[in-house]
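In each ligand, atom 1 is the first atom listed, and ligand 1 is the first ligand listed.
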Amino acid sequence: MTAAHIVASGLGKRYGDQVALDGIDLLEQGGLITLLGPNGAGKSTLLRCLATVVTPDDGSLMVDGLDPRREPERIEIRRRLGYMPQDIGLIAGSRVFDAVEYIAVLKDHREDRRRRRAVSDVLDRVGLRDVAGERVERLSGGMRRRVGVAQALLGSPTLMVLDEPSAGLDPDERMRLREILTERRRSTTVFVSTHMTDEAAISDTVLVIAGGSIRFAGSPGRLAALAAGRTWVQTDLPPPDVRASWRLVDGRHRCLGRPPADAELVEPTLEDGYLLVRTAVSPSA
Ligand code: ADP
């Protein structure tokens, strides 16, 4: 199976007066796509649309030419999907193995031996083999996230949708997750959300989302390059019209915006580019 082909056009979603998504267009097939944005930007809502658990109010979404608004096509999309929601909702009292096997059953893995083998494989992959018999309520936050990743890996999906998979992971766990995502992106269209800029560095495409819209779409390198010639350090307090600034450990200030003529320009990072995009959206933020 090849990586899922995603086409979205003008996706919109409202909750009462609150606009969660406002005209999202997507065209993706394969690779790791990171949704980066502040809390409330619309990341989860977009991921939930992609996972077919939320129906957009406006626009259209097609996965491999299938329309999730039609039930048989939605079911077919779900067969191709590995989804990890923000709240994994593990059933208290169940064991890690059972929690993952339950998803395997829902995914129609009927043959017992092969199903259990598949569950063992994904638990191995996320490093949870040793706690397979543990009750889920005894797991740390990071382990619970890994159970969610294991569930999403089941059945070699061609579309993976992971909502903040790295939240609460320690550095070793984050490294393991990066390896899994890097490995999967060859054969899978992988969407992940995060609000941590360093997480986006390994992606093929970064989508900066704010106020329900995509404000930037491109490679991490292109996002960093947006801040080229607009990032500098200085000893004096930053000028009032600076777009963003913060104090460095050496006491100087790193500034973003329109540099003064004699500014000491520095190499921009992905975070600098992100902050410029974001402050262009909401100057008060
Ligand atoms: P993010 O994942 O970027 O933090 P969300 O997609 O969760 O953003 O939320 C986008 C906006 O939609 C926010 O203002 C949020 O409060 C609102 N929202 C999301 N889900 C619901 C819901 N089920 N009911 C009401 N408002 C919601």
Side-chain angles (χ1 to χ4, degrees), residues 6-26 28 32-61 63 68-69 74 77-78 81-90 141-142 144-149 151-152 159-169 174 177 181 189-218 220 223 244 270-271 273-285:
I6 308 297
V7 185
S9 168
L11 282 189
K13 179 71 194 170
R14 286 173 301 280
Y15 294 101
D17 290 341
Q18 180 65 48
V19 176
L21 294 181
D22 186 13
I24 298 274
D25 298 329
L26 289 174
E28 303 286 349
L32 175 58
I33 302 126
T34 301
L35 275 51
L36 189 60
N39 286 329
K43 303 181 299 295
S44 288
T45 306
L46 178 55
L47 293 181
R48 299 181 83 213
C49 289
L50 289 167
T52 76
V53 293
V54 156
T55 306
D57 299 320
D58 306 305
S60 71
L61 169 68
V63 178
R69 285 171 298 194
R74 185 165 64 243
I77 294 171
R78 288 180 180 175
L81 170 73
Y83 176 43
M84 173 190 180
Q86 207 165 34
D87 296 317
I88 302 165
L90 300 172
R144 291 173 75 89
R145 301 308 288 162
R146 282 148 70 193
V147 171
V149 174
Q151 290 175 330
L159 170 63
M160 287 183 77
V161 175
L162 309 175
D163 202 343
E164 297 206 17
S166 61
L169 299 190
R174 281 171 65 181
L177 176 67
L181 297 178
T189 308
V190 186
F191 286 88
V192 298
S193 67
T194 181
H195 47 258
M196 292 180 283
T197 47
D198 60 328
E199 293 287 321
I202 60 159
S203 29
D204 298 290
T205 301
V206 184
L207 303 177
V208 176
I209 307 211
S213 304
I214 295 177
R215 308 296 173 147
F216 169 89
L223 182 54
L270 192 152
E271 182 169 62
Y274 167 70
L275 287 170
L276 274 180
V277 171
R278 187 158 124 55
T279 53
V281 174
S282 73
S284 60

Query raised in the report: So is there a nitrogen or oxygen of A20 less than 3.5 Å from a nitrogen or oxygen in ligand 1?
Result: no

Report summary line: Shortest non-hydrogen pair, A200 vs P220, comes out as O-CG, 3.6 Å

Report summary line: Closest non-hydrogen atoms of F191 and T189, given as atom of the first, atom of the second and distance, are CE1-CG2, 3.7 Å

For [X], counting its heavy atoms only, list the atoms of ligand 1 lying under 4.0 Å from any of them.
X: N39; value: 4 (O)
X: K43; value: 1 (P), 2 (O), 3 (O), 4 (O), 6 (O), 8 (O)
X: S44; value: 1 (P), 2 (O), 6 (O), 7 (O)
X: A41; value: 1 (P), 3 (O), 8 (O)
X: P38; value: 3 (O)

Heavy-atom donor-acceptor pair, [X] side chain to [Y] backbone, under 3.5 Å:
X: K43; Y: G37; value: yes
X: D163; Y: S44; value: no
X: R146; Y: P165; value: no
X: T34; Y: V192; value: no
X: R48; Y: P85; value: no
X: R78; Y: T52; value: yes

For [atom], grab the closest protein heavy atom and report residue, atom and distance to one decimal in Å.
atom: atom 24 (N) of ligand 1; answer: Y15 CD2, 3.5 Å
atom: atom 8 (O) of ligand 1; answer: G42 N, 3.1 Å
atom: atom 16 (O) of ligand 1; answer: Q18 CG, 4.7 Å
atom: atom 6 (O) of ligand 1; answer: T45 OG1, 2.6 Å

Query raised in the report: Of all the heavy atoms in G212, does at least one lie under 4.0 Å from an atom in ligand 1?
Result: no

Query raised in the report: Is ligand 1 less than 4.0 angstrom away from at least one heavy atom of G40?
Result: yes

